[in-house]
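For ligands, and for the atoms within them, numbers begin at 1 and follow the listed sequence. Keep in mind that this is a model prediction, so the values were computed, not measured. Atom set for the values below is all heavy atoms of this structure, side chains included, hydrogens, waters and symmetry mates excluded. Here, residue 1 is the first one in the sequence, and each next residue gets the next number.
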Amino acid sequence: MYFPVYRPRRFRRSENLRRMVRETRLSVDQLVYPLFVMPGKDVKNEVPSMPGVFQFSVDRLMKEMREVKELNIPGVLLFGLPEFKDEIGSQAHADDAPVQVAIREIKEKFPEMVVITDVCLCEYTSHGHCGLLQGEEVHNDSTLEVLAEVALSHARAGADVVAPSDMMDGRVAAIRDALDENGFDQTAIIAYSAKYCSGFYGPFREAADSAPQFGDRRAYQMDPCNAEEGLREVSLDIEEGADMVMVKPALPYLDIIRRIKDEFDRPVAAYNVSGEYAMVKAAALNGWIDEQRVMMEVLTSISRAGADLILTYFAKDAARLIQNR
Ligand code: PBG
């Protein structure tokens, strides 16, 4: 009869033994909470496909911010819905649009909060695409000029970080140039570098009213089959001046997160997107899974894969659990 000399079970026998050998420790420091800002007053609408996630007018957003701050979450990611949409997404860089107003209010009331803004046009264009159209195609280089304007308007309002999510070629360089030329050399860029054309964005498009009115985003977002191309996108964004790079979605692309972490010298963010959140919520509401347990397992896996920062709609719930641990 053979008996093993090394027995891995020895360090699994009690919680304190397990604590000692734990390799991944999810921290509140890693969490960013995404928020949707609406026009109007006293608005707090729950997003049907994202229970627990709301669209807020700026006044109601400030109450939410108090909670985010009390939970010690270091940063938020802002998305905006405009008063009106047009072909060229002009409200995306309006100084008095909901996101720009929200940035100023947050920085006034919660100056230490890191404010990250999503830089894209899909919430602001009548056609729902992430850039300017030429015929039925999104035209790259004319879009770059508008994206730079958007990033600049966020920086002027006081954003600490801008996060371009449009997937146009050359947008990080265009934004870095515009920021630097206007004295915003301290405004950081988190690039959505490996952003895949994903079915997991469905609930977000309901929250941000940003579904394309025709066609899809395959001509600019990445093919889910490609890993090498994701690394190429990352190296381009780093050359162009990205301070941090992002993988999106997170769970179906843990391999990409790990490879970027191993091969590049920049912090890596991962976006645990709306569909990943909705799946867990829906199964939990049906009583099919234990929500808290699955949530922590999901977030831990993203961290274990190599993500330094996790953008997640679970940020508040996870922060509460981590603090009571
Ligand atoms: C804007 C943008 C999207 C998301 C973040 N920024 C949607 C899209 O590309 O269609 C998705 C976030 C989520 O699903 O939670 N381009």
Side-chain angles (χ1 to χ4, degrees), residues 31-37 47-55 76-82 85 89 91-93 99 116-125 127-133 138 140 143-144 146-147 150-151 154 159 161-168 171-172 175 189-224 233 245-253 269-282 295 298-299 302 307 309-316:
L31 303 177
V32 170
Y33 191 47
L35 290 161
F36 299 97
V37 196
V47 181
S49 52
M50 301 176 76
V53 172
F54 300 85
Q55 300 168 320
V76 292
L77 170 67
L78 300 183
F79 294 97
L81 281 83
K85 304 186 188 227
Q91 286 302 295
H93 50 83
V99 163
I116 308 170
T117 57
D118 187 88
V119 174
C120 195
L121 299 186
C122 60
E123 298 109 289
Y124 300 92
T125 51
H127 44 78
H129 278 288
C130 300
L132 304 185
L133 294 184
V138 174
N140 197 87
T143 301
L144 295 183
V146 185
L147 291 169
V150 176
H154 294 170
V161 184
V162 292
S165 70
D166 51 282
M167 289 303 276
M168 296 305 117
R171 87 264 210 229
V172 173
I175 290 171
I189 299 178
I190 299 181
Y192 286 76
S193 301
K195 175 170 177 178
Y196 287 87
C197 190
S198 171
F200 286 92
Y201 306 149
F204 172 92
R205 291 179 189 171
E206 182 173 40
D209 186 26
S210 66
Q213 298 303 300
F214 66 89
D216 53 43
R217 304 208 201 288
R218 276 182 285 190
Y220 40 103
Q221 298 181 346
M222 281 184 53
D223 186 331
E233 284 280 8
V245 293
M246 199 198 298
V247 177
K248 175 184 173 186
L251 268 190
Y253 302 94
Y271 200 142
N272 176 223
V273 301
S274 58
E276 299 174 65
Y277 175 84
M279 281 196 311
V280 174
K281 281 282 174 185
M295 168 184 80
V298 165
L299 297 176
I302 297 169
L309 202 64
I310 305 174
L311 300 95
T312 179
Y313 304 98
F314 284 121
K316 287 197 305 175

*Asks:* Could you tell me whether the side chain of Pro164 reaches within less than 4.5 Å of the side chain of Ile175, counting heavy atoms only?
*Replies:* yes
*Asks:* Counting both backbone and side chain atoms, is some N or O of Tyr313 under 3.5 Å from an N or O of ligand 1?
*Replies:* yes
*Asks:* Counting each atom of ligand 1 from 1 as listed, which ones have a heavy atom of Lys195 under 4.0 Å away?
*Replies:*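 Near Lys195, meaning under 4.0 Å from one of its heavy atoms, ligand 1 has 1 (C), 2 (C), 3 (C), 6 (N), 8 (C), 9 (O), 16 (N).
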*Asks:* Distance-only, no hydrogens or angles: does the Glu276 side chain make a donor-acceptor pair with backbone N or O of Val273 under 3.5 Å?
*Replies:*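 Present.
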*Asks:* Which of the numbered atoms in ligand 1 are under 4.0 angstrom from any heavy atom belonging to Tyr271?
*Replies:*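 Near Tyr271, the atoms of ligand 1 are 12 (C), 15 (O).
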*Asks:* May I ask you to identify the nearest protein heavy atom to atom 14 (O) of ligand 1, giving residue, atom name and distance to one decimal place in Å?
*Replies:*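 For atom 14 (O) of ligand 1, the nearest protein heavy atom is Ser274 OG, 2.7 Å.
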*Asks:* What salt bridge (Lys or Arg N to Asp or Glu O under 4.0 Å) pairs are there with at least one residue in residues 210-222, not counting sequence neighbours?
*Replies:*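 Pairs touching residues 210-222 that pass the test: Asp216-Arg218.
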*Asks:* Please list, in number order, the atoms of ligand 1 under 4.0 Å from a heavy atom of Phe79.
*Replies:* 5 (C), 6 (N)
*Asks:* With a 4.5 Å heavy-atom cut-off, do Cys120 and Phe79 have their side chains touching?
*Replies:* no
*Asks:* Among Lys248, Met246, Met167, which residue places a heavy atom closest to atom 6 (N) of ligand 1?
*Replies:* Lys248
*Asks:* For Ala307, enumerate each residue passing the side chain to side chain contact (heavy atoms under 4.5 Å, CB included) test, keeping only those at least two apart in sequence or located in another chain.
*Replies:*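 Partners of Ala307 by the side chain to side chain contact (heavy atoms under 4.5 Å, CB included) criterion, ordered by chain and then number, come out as Ile257, Ala270, Ile302, Ile310.
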*Asks:* Once you restrict to heavy atoms under 4.0 Å, what part of Asp166 touches ligand 1? Side chain, backbone, both or neither.
*Replies:*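 Looking at Asp166 and ligand 1, no heavy atom falls under 4.0 Å.
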*Asks:* Taking 4.0 angstrom as the limit and counting only heavy atoms of Ser165, give me the atoms of ligand 1 inside it, by number and element.
*Replies:* 1 (C), 2 (C), 6 (N), 16 (N)
*Asks:* Does Gln221 have a heavy atom less than 4.0 Å from any atom of ligand 1?
*Replies:* yes
*Asks:* Considering only the protein, which heavy-atom contact is closest to atom 12 (C) of ligand 1, and what is its distance?
*Replies:* Phe204 CD1, 3.4 Å
*Asks:* Centres of the Phe204 and Phe36 rings: under 6.0 Å?
*Replies:* yes
*Asks:* Parallel, tilted or perpendicular: which fits the ring planes of Phe314 and Tyr277, with parallel below 30° and perpendicular above 60°?
*Replies:* tilted
*Asks:* Could you tell me, atom by atom, which parts of ligand 1 come under 4.0 Å of a heavy atom of Cys122?
*Replies:*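 Within the 4.0 Å cut-off of Cys122, ligand 1 contributes 1 (C), 16 (N).
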